[in-house]
Enquirer: 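Sharing a structure below in C-alpha cells format, with a few things to ask.
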Amino acid sequence: MTIDVLVVDDSAVVRQVLTAVLNEAPDINVYATASDPIFAQQQMQKKWPDVIVLDIEMPRMDGLTFLRRIMSEQPTPVIICSSLAEKGAELSLQALSAGAIDIITKPQLGVKDFLLDAKNLLWQTVRGAAGAHVARRGSSAPSKPLAASPAVDLVAMTATTDSIIVIGTSTGGTQALEQILAKIPRTCPGIAVVQHMPEKFTAAFAKRLDGLCEVDIKEAESGDRLIPGRVLIAPGGHHLEVQRSGAQYIAKVFRGPSVNRHCPSVDVLFRSAARAAGRNAMGIILTGMGDDGARGLLEMRQAGCRTIAQDEASCVVFGMPKEAINLGAAKEVMSLAQIPAVLGGRV
C-alpha cells in the first residue's frame with residue numbers, strides 16, 4: 001500500500017527536498033505540496049492525504065491553527081517539521097498536545113543537507129505515522145491544581161521513599177504522558193521518564209507538563225533526587241540513569257552514544273532501575289515506534305520489578321509495547337486510562 005503524503009511548508013527548498021527524499025521510498029508518494037494551509041486545504045479537497053508533514057510558522061494561517069482544525073474535523077496523522085529554535089520547540093509541543101504524531105527537527109542553517117542525510121529517519125517517521133491511531137481532539141488540559149498540604153506530603157514521604165517508577169515512551173508519548181501525569185497525586189513515588197525527543201524540546205516539554213499537573217515536573221539534572229511528587233524528564237541528547245545513594249535514589253544525566261538509535265534511551269533508564277532499585281522499582285512502557293525499552297523492561301522483570309505495557313487499543317503506535325510483550329518483559333498489559341491509578345498507588 002502506498003502512503004500518500006501532503007507536505008505543507010512555506011520554504012520552497014524544504015518542499016522540494018522533502019518531496020525528492022520521501023518519493024525515493026517505494027511505499028511513499030508525495031502527491032502534493034503547499035506553501036501554506038490555505039493552499040493545503042485546496043489540495044485536500046481534491047484528495048485527502050494519509051499523512052501530512054506540516055511546518056508551524058507560515059503566512060496567512062499558522063500550522064497550529066491548521067492542525068487543530070484538522071484534528072477536530074477529520075483526524076489525520078500529522079508530522080511537525082519544525083525548527084530547533086526555542087520558539088519552534090514551544091510551538092511544536094503545543095502541536096503534539098493538539099494531536100500531532102511526531103516531530104522532525106530541521107536546523108536553521110543547512111536544511112537541505114540535513115533532510116538529505118535524514119532520509120531513513122524521514123521514511124521511518126512517515127511509515128509510523130501512517131499506521132498510527134489518531135483520535136479527535138477535545139478541549140485542552142486544565143491548569144495546574146493547588147499543591148497538597150505539607151502534612152500530606154510528609155505522610156507520602158514516609159510511605160513511598162523506597163519506591164520509584166520509570167517510564168519510557170516515544171511516538172504519541174507526549175500526549176500519553178500528559179494524560180497520565182495530570183491525573184496522579186503528589187503522593188506518588190518519584191518518577192523518571194525517557195521520552196524520545198530532540199535537544200531543546202525536553203526543557204519546554206517539562207515546563208509545559210509542570211503547568212498542567214499537581215506533581216512537580218522538571219528536566220532532569222545529575223544529582224536530582226527521585227522523591228514523591230516529583231517527575232524527572234530525561235534531557236534530549238542525554239541518557240538518564242537512576243542510581244542508589246544510601247537510602248535515596250538520584251539521577252545521573254550524561255552524554256553517550258545512541259542506544260537503539262536513541263539518546264536518551266529507554267533501555268538505559270530501565271536497566272539502571274533494575275540494578276539500583278530491583279523490586280522497589282516499577283517499569284512502564286508506553287506508545288512508540290521501534291523496540292527501545294523492551295530488553296530493559298525484561299531486565300526489570302527479571303530483577304523482581306512490576307512491569308507494565310500499554311495495550312494496543314490505547315497506543316498511538318503499538319511498537320515498543322508490542323516488542324516488550326512479545327519478549328515476555330511486561331507482566332501486565334493495561335490501557336492508558338488504567339495507568340494513572342497504578343502510579344497513584346490505588347491499584
Side-chain angles (χ1 to χ4, degrees), residues 2-11 13-25 27-37 40-41 43-44 48-58 61-71 74-84 88-107 111 114-135 137 169-176 195-198 201 205 236 261-262 287-290 315-317 319:
T2 301
I3 303 167
D4 289 320
V5 178
L6 171 64
V7 174
V8 187
D9 198 299
D10 62 343
S11 166
V13 172
V14 171
R15 295 197 304 272
Q16 180 183 20
V17 176
L18 276 176
T19 299
V21 170
L22 291 175
N23 281 343
E24 284 186 41
D27 55 340
I28 299 174
N29 170 49
V30 178
Y31 77 91
T33 66
S35 58
D36 66 35
Q41 289 174 327
Q43 295 290 352
M44 292 162 73
W48 199 270
D50 298 314
V51 175
I52 300 171
V53 179
L54 177 65
D55 191 13
I56 291 290
E57 299 179 72
M58 288 179 290
M61 180 190 294
D62 65 273
L64 195 55
T65 300
F66 181 50
L67 170 68
R68 287 172 174 151
R69 182 173 296 180
I70 292 169
M71 300 310 291
Q74 187 171 337
T76 303
V78 175
I79 299 166
I80 299 301
C81 190
S82 173
S83 166
L84 271 171
E90 176 56 37
L91 291 173
S92 295
L93 291 173
Q94 292 181 40
L96 289 172
S97 181
I101 297 296
D102 213 337
I103 302 170
I104 296 172
T105 57
K106 56 185 181 184
V111 174
F114 167 79
L115 292 174
L116 290 171
D117 290 341
K119 177 171 65 176
N120 290 330
L121 172 63
L122 291 167
W123 291 357
Q124 179 187 33
T125 304
V126 168
R127 287 166 180 154
H133 302 156
V134 184
R137 304 298 289 181
T169 185
S170 185
T171 310
T174 56
Q175 301 157 34
Q195 160 72 59
H196 293 158
M197 189 173 280
F201 281 71
F205 179 52
R261 303 179 302 281
H262 294 287
T287 174
M289 280 189 281
C315 278
V316 173
V317 178

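Just the heavy atoms: all of them, side chains too, but no hydrogens, waters or symmetry mates, feed the values below.
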Enquirer: When you measure from the side chain of S97 to the backbone N and O of L93, does any donor-acceptor pair fall under 3.5 Å?
Expert: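 No.
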
Enquirer: Of all the heavy-atom pairs spanning G63 and L54, show the shortest one and how long it is.
Expert: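 Looking at all heavy atoms of both residues, the closest pair is O-CD2, 3.5 Å.
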
Enquirer: Specify the closest pair of heavy atoms between R127 and A25, including all atoms of both residues, with the distance to one decimal.
Expert: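 Looking at all heavy atoms of both residues, the shortest contact is NH2-CB, 3.8 Å.
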
Enquirer: If I compare all heavy atoms of V51 with all of I3, which pair ends up nearest, and what's the gap?
Expert: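 Result for this residue pair: CG2-CG2, 3.9 Å.
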
Enquirer: Between Q195 (side chain only) and S170 (backbone N and O only), is there a donor and an acceptor less than 3.5 Å apart?
Expert: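 Yes: the side chain of Q195 pairs with the backbone of S170.
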
Enquirer: Rounded to the nearest 0.5 Å, what's the gap from CD1 on I80 to CD1 on I56? Could you check?
Expert: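 Answer rounded to 0.5 Å: 4.0 Å.
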
Enquirer: Near Q43 CD, under 6.0 Å, is it more than 12 heavy atoms from other residues, nucleotides or ligands?
Expert: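 Yes, enclosed.
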
Enquirer: Within this structure, what is the CG-CG distance for the pair D27 and L22, rounded to the nearest 0.5 Å?
Expert: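 D27 atom CG to L22 atom CG measures 10.5 Å (nearest 0.5 Å).
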
Enquirer: Could you tell me which non-hydrogen atom of V8 sits nearest to which non-hydrogen atom of P37, and how far apart they are?
Expert: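 Nearest pair, atom of V8 first, then P37: CG1-N, 4.0 Å.
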
Enquirer: Could you state the interatomic distance from CE (M289) to CZ (R261), rounded to the nearest 0.5 Å?
Expert: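 Separation between the atoms: 10.0 Å.
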
Enquirer: Can you tell me how far apart CG (L96) and CZ (F201) are? Round to the nearest 0.5 Å.
Expert: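 So the gap between those two atoms works out to 8.5 Å.
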
Enquirer: Provide the closest heavy-atom pair for M58 versus D36 in the form atom of the first, atom of the second, distance.
Expert: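 Scanning both residues, the minimum pair turns out to be SD-CA, 4.0 Å.
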
Enquirer: What's the spacing between M61 CE and Q41 CD if we round to 0.5 Å?
Expert: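 Those atoms lie 4.5 Å apart.
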
Enquirer: Under 3.5 Å, side chain of D9 to main-chain N/O of R15, donor-acceptor pair present?
Expert: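 Judged by distance alone, no pair lies under 3.5 Å.
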
Enquirer: Quick check: closest heavy atoms across M71 and T76, and the distance to 0.1 Å?
Expert: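 Smallest heavy-atom distance, with atoms named: SD-O, 3.7 Å.
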
Enquirer: For residues 116-126, which side-chain N or O atoms pair as donor and acceptor with protein atoms under 3.5 Å away, sequence neighbours left out?
Expert:
{"unit_1": "K119", "atom_1": "NZ", "unit_2": "E24", "atom_2": "OE1", "d": "3.3"}
{"unit_1": "W123", "atom_1": "NE1", "unit_2": "V21", "atom_2": "O", "d": "2.9"}
{"unit_1": "T125", "atom_1": "OG1", "unit_2": "L121", "atom_2": "O", "d": "2.7"}

Enquirer: After noting the C-alpha distance and the side-chain angles of N29 and N23, does the key distance pass the side-chain contact (heavy atoms from CB on, under 4.5 Å) rule?
Expert: CA-CA 5 Å; N29 170 49; N23 281 343; 4.0 Å; yes

Enquirer: Taking the side chain from Q175 and the backbone from A98, do they hold a donor-acceptor pair closer than 3.5 Å?
Expert: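 Judged by distance alone, no pair lies under 3.5 Å.
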
Enquirer: Any donor and acceptor pair, going by atom type alone, linking the side chain of T287 with main-chain N or O of V316 inside 3.5 Å?
Expert: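 Yes, the answer is positive, given that a donor and an acceptor are paired below the 3.5 Å cut-off.
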
Enquirer: Hey, could you give me the NE2/CE distance between H262 and M197, rounded to the nearest 0.5 Å?
Expert: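 So the gap between those two atoms works out to 12.5 Å.
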
